[in-house]
K.L.:
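Here it is: the structure, laid out below.
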Amino acid sequence: SRGIGKGIAEVFASQGANIAFTYRSSDKKAKALELELAANGCKAKGYKSDASNFEAAQQLAADVMEEFGSIDVLVNNAGITKDGLIMRMSEEDFDSVMDINMKSVFNMTKAVLPTMLKQRKGSIINITSLAAERGFIGNSAYQVSKAGLKQLTKALACDWGQKNIRINNVCPGYIKTPMTMKSYKNPKLKKIRDSRMILQRWGQPKDLIGPSIFLASDSSSYITGSDIFVDGGWLTKGM
């Protein structure tokens with residue numbers, strides 16, 4: 001209901017997709033997003049749910065099937081970060097990052113697979129990160145979770161490709177969202193981040209829309225197990 005997830009939901013709706021989205025915080029914001037999405041002429045419904053809980057994920061998939069009749073595309077976007085050096089990181093913080101960033105994808109994928117198998121078609125899009133590819137200081141739990149998610153995607157793509165279920169990663173760089181505001185508003189950190197980008201600007205949630213629409217559509221029917229980087233050239237840049 002905010003950030004990258006909201007941006008993807010808005011554009012999918014503008015292209016005629018019916019949208020089931022999840023949220024964990026504000027009922028008021030979720031209801032406002034429902035109305036905004038439905039204004040495109042599509043069906044839209046928000047579900048307050050915690051995908052890191054297996055039973056909740058199963059119930060969510062059942063509720064969406066009852067309401068919509070099919071699940072054609074799953075975007076696993078939920079993510080958190082709890083920065084800190086390992087000596088200052090609690091076991092609870094580490095576990096919470098792993099649960100939201102990686103276990104939730106396992107849970108949601110397992111929950112929707114029976115439907116996609118019956119349909120003999122489906123696209124699952126997982127949002128990973130540059131942190132799955134590069135090391136960053138004081139961010140170990142997040143990096144481990146995103147690296148694990150990257151490989152989970154590839155393993156699942158191998159498992160289910162023969163059933164015409166495609167599973168891919170969209171890998172953002174620094175995108176201006178509530179989660180990255182701390183870095184964006186710190187002049188020193190922002191200067192360092194900016195210097196690493198070929199395009200010399202931070203991304204916006206809308207920058208992830210094109211790759212997501214592409215992976216959801218039949219235009220990407222021969223693509224699975226792949227990583228699409230949306231990072232302003234960060235990964236490519238050398239000296």
Side-chain angles (χ1 to χ4, degrees), residues 1-53 56-57 59-81 100-101 104-105 107-109 111-112 115-116 119 122-129 168-185 201-220 228 230-232:
S1 59
R2 65 177 191 167
I4 290 170
K6 182 171 185 273
I8 291 173
E10 287 171 340
V11 173
F12 272 44
S14 75
Q15 298 300 306
N18 294 323
I19 307 292
F21 68 91
T22 62
Y23 68 100
R24 292 187 62 182
S25 52
S26 170
D27 294 333
K28 184 177 179 181
K29 287 183 179 179
K31 180 56 68 174
L33 182 56
E34 276 186 7
L35 295 173
E36 177 190 337
L37 298 176
N40 292 280
C42 71
K43 187 173 184 177
K45 185 173 177 62
Y47 295 85
K48 196 165 193 174
S49 182
D50 177 6
S52 67
N53 178 280
Q59 186 61 56
L60 172 62
D63 291 344
V64 172
M65 277 300 295
E66 182 177 355
E67 183 72 27
F68 290 84
S70 69
I71 300 174
D72 307 296
V73 179
L74 169 65
V75 179
N76 286 307
N77 172 71
I80 62 170
T81 184
I100 296 295
N101 294 3
S104 68
V105 177
N107 289 342
M108 285 306 306
T109 301
V112 305
T115 296
M116 290 185 173
Q119 297 169 174
S123 175
I124 298 174
I125 303 166
N126 296 328
I127 308 299
T128 60
S129 170
N168 292 285
N169 292 320
V170 172
C171 317
Y174 277 89
I175 307 296
K176 190 178 177 183
T177 67
M179 194 169 79
T180 60
M181 275 297 104
K182 183 178 178 181
S183 288
Y184 188 81
K185 291 183 176 180
R201 70 170 178 87
W202 285 48
Q204 302 286 339
K206 66 181 181 181
D207 291 313
L208 298 171
I209 289 166
S212 299
I213 290 283
F214 172 63
L215 290 174
S217 75
D218 288 339
S219 295
S220 59
I228 297 181
V230 187
D231 64 353

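All of these numbers come straight from a predicted model, not from anything done at the bench.
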K.L.:
I need the Ile175 CD1 to Leu208 CG distance, nearest 0.5 Å.
P.N.:
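Here the rounded value is 4.5 Å.
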
K.L.:
Mind checking whether Ile228 and Asn168 have side chains closer than 4.5 Å, heavy atoms only?
P.N.:
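Answer no - side chains too far apart.
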
K.L.:
What are the two closest non-hydrogen atoms of Ile209 and Gly7, and how far apart are they?
P.N.:
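Looking at all heavy atoms of both residues, the shortest contact is CD1-O, 3.7 Å.
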
K.L.:
Gly3 and Pro205: which non-hydrogen atoms are nearest, and at how many Å?
P.N.:
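Of all heavy-atom pairs spanning Gly3 and Pro205, the closest is O-CB, 3.8 Å.
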
K.L.:
If you round to the nearest 0.5 Å, how far is CG of Asp72 from CD of Gln119?
P.N.:
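That separation rounds to 5.0 Å.
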
K.L.:
CG/Leu33 to OG/Ser26 distance, rounded to the nearest 0.5 angstrom?
P.N.:
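Separation between the atoms: 10.5 Å.
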
K.L.:
Applying side-chain contact (heavy atoms from CB on, under 4.5 Å) to Glu34 and Phe21, what does each step give before you reach the verdict?
P.N.:
CA-CA 9 Å; Glu34 276 186 7; Phe21 68 91; 3.9 Å; yes

K.L.:
Please confirm whether the backbone N or O of Leu215 pairs with a side-chain atom of Ser123, one donor and one acceptor, at under 3.5 Å?
P.N.:
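Judged by distance alone, yes, a pair lies under 3.5 Å.
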
K.L.:
Taking all non-hydrogen atoms of both residues into account, name the closest pair between Ser52 and Ser104 and its distance.
P.N.:
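For Ser52 versus Ser104, the nearest heavy atoms are N-CB, 3.9 Å.
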
K.L.:
Closest heavy-atom contact between Ile127 and Pro172?
P.N.:
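Heavy-atom minimum between the residues: CG2-CG, 3.6 Å.
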
K.L.:
Is the number of heavy atoms from other residues, nucleotides or ligands within 6.0 Å of NZ (Lys48) greater than 12?
P.N.:
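It does: Lys48 NZ has more than 12 such atoms within range.
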
K.L.:
Working to the nearest 0.5 angstrom, can you tell me the gap between Ser70 OG and Asn18 CG?
P.N.:
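Separation between the atoms: 8.0 Å.
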
K.L.:
To the closest 0.5 Å, what do you measure between CD1 (Ile100) and CG (Asn76)?
P.N.:
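Ile100 atom CD1 to Asn76 atom CG measures 11.5 Å (nearest 0.5 Å).
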
K.L.:
Donor-acceptor pair, Asn101 side chain versus Ile80 backbone, under 3.5 Å?
P.N.:
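Judged by distance alone, yes, a pair lies under 3.5 Å.
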
K.L.:
How about Phe12 and Ser212: do any of their side-chain heavy atoms sit closer than 4.5 Å?
P.N.:
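Heavy-atom side-chain distance check passes, below 4.5 Å.
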
K.L.:
Using the ring of each side chain (for Trp, its six-membered ring), is Phe68 parallel, tilted or perpendicular to Tyr47, with breaks at 30° and 60°?
P.N.:
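Correct class here is tilted.
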
K.L.:
Mind listing the closest non-hydrogen atom pair of Ala51 and Asn107 along with its distance?
P.N.:
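Heavy atoms only, the tightest pair is O-ND2, 3.0 Å.
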
K.L.:
Provide the closest heavy-atom pair for Ser49 versus Thr22 in the form atom of the first, atom of the second, distance.
P.N.:
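Scanning both residues completely, I find the closest heavy atoms to be CB-CG2, 4.5 Å.
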
K.L.:
Going by the rule side chain to side chain contact (heavy atoms under 4.5 Å, CB included), which residues pair with Ser217 if we only count those two or more places apart in sequence or in a different chain?
P.N.:
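Ser217 satisfies side chain to side chain contact (heavy atoms under 4.5 Å, CB included) with Ser219 only.
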
K.L.:
Does Arg2 reach the side chain of Lys29, with side-chain heavy atoms less than 4.5 Å apart?
P.N.:
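The answer is no, as the side chains (C-beta and beyond) never meet within the 4.5 Å cut-off.
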
K.L.:
For a 4.5 angstrom cut-off between non-hydrogen side-chain atoms, does Met116 reach Ile124?
P.N.:
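Counting from C-beta outward, Met116 and Ile124 do come under 4.5 Å.
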
K.L.:
Quick one, Lys6 and Glu36 - any side-chain contact, counting heavy atoms below 4.5 Å?
P.N.:
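In short, these two side chains touch, coming nearer than 4.5 Å.
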
K.L.:
Can you tell me how far apart CD1 (Ile71) and CE (Met65) are? Round to the nearest 0.5 Å.
P.N.:
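One gets 6.0 Å once the value is rounded to the nearest 0.5 Å.
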
K.L.:
Does a side-chain N-to-carboxylate-O contact under 4.0 Å join Lys206 and Glu10?
P.N.:
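Between Glu10 and Lys206 there is no salt bridge, as every charged N stays at least 4.0 Å from the carboxylate O atoms.
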
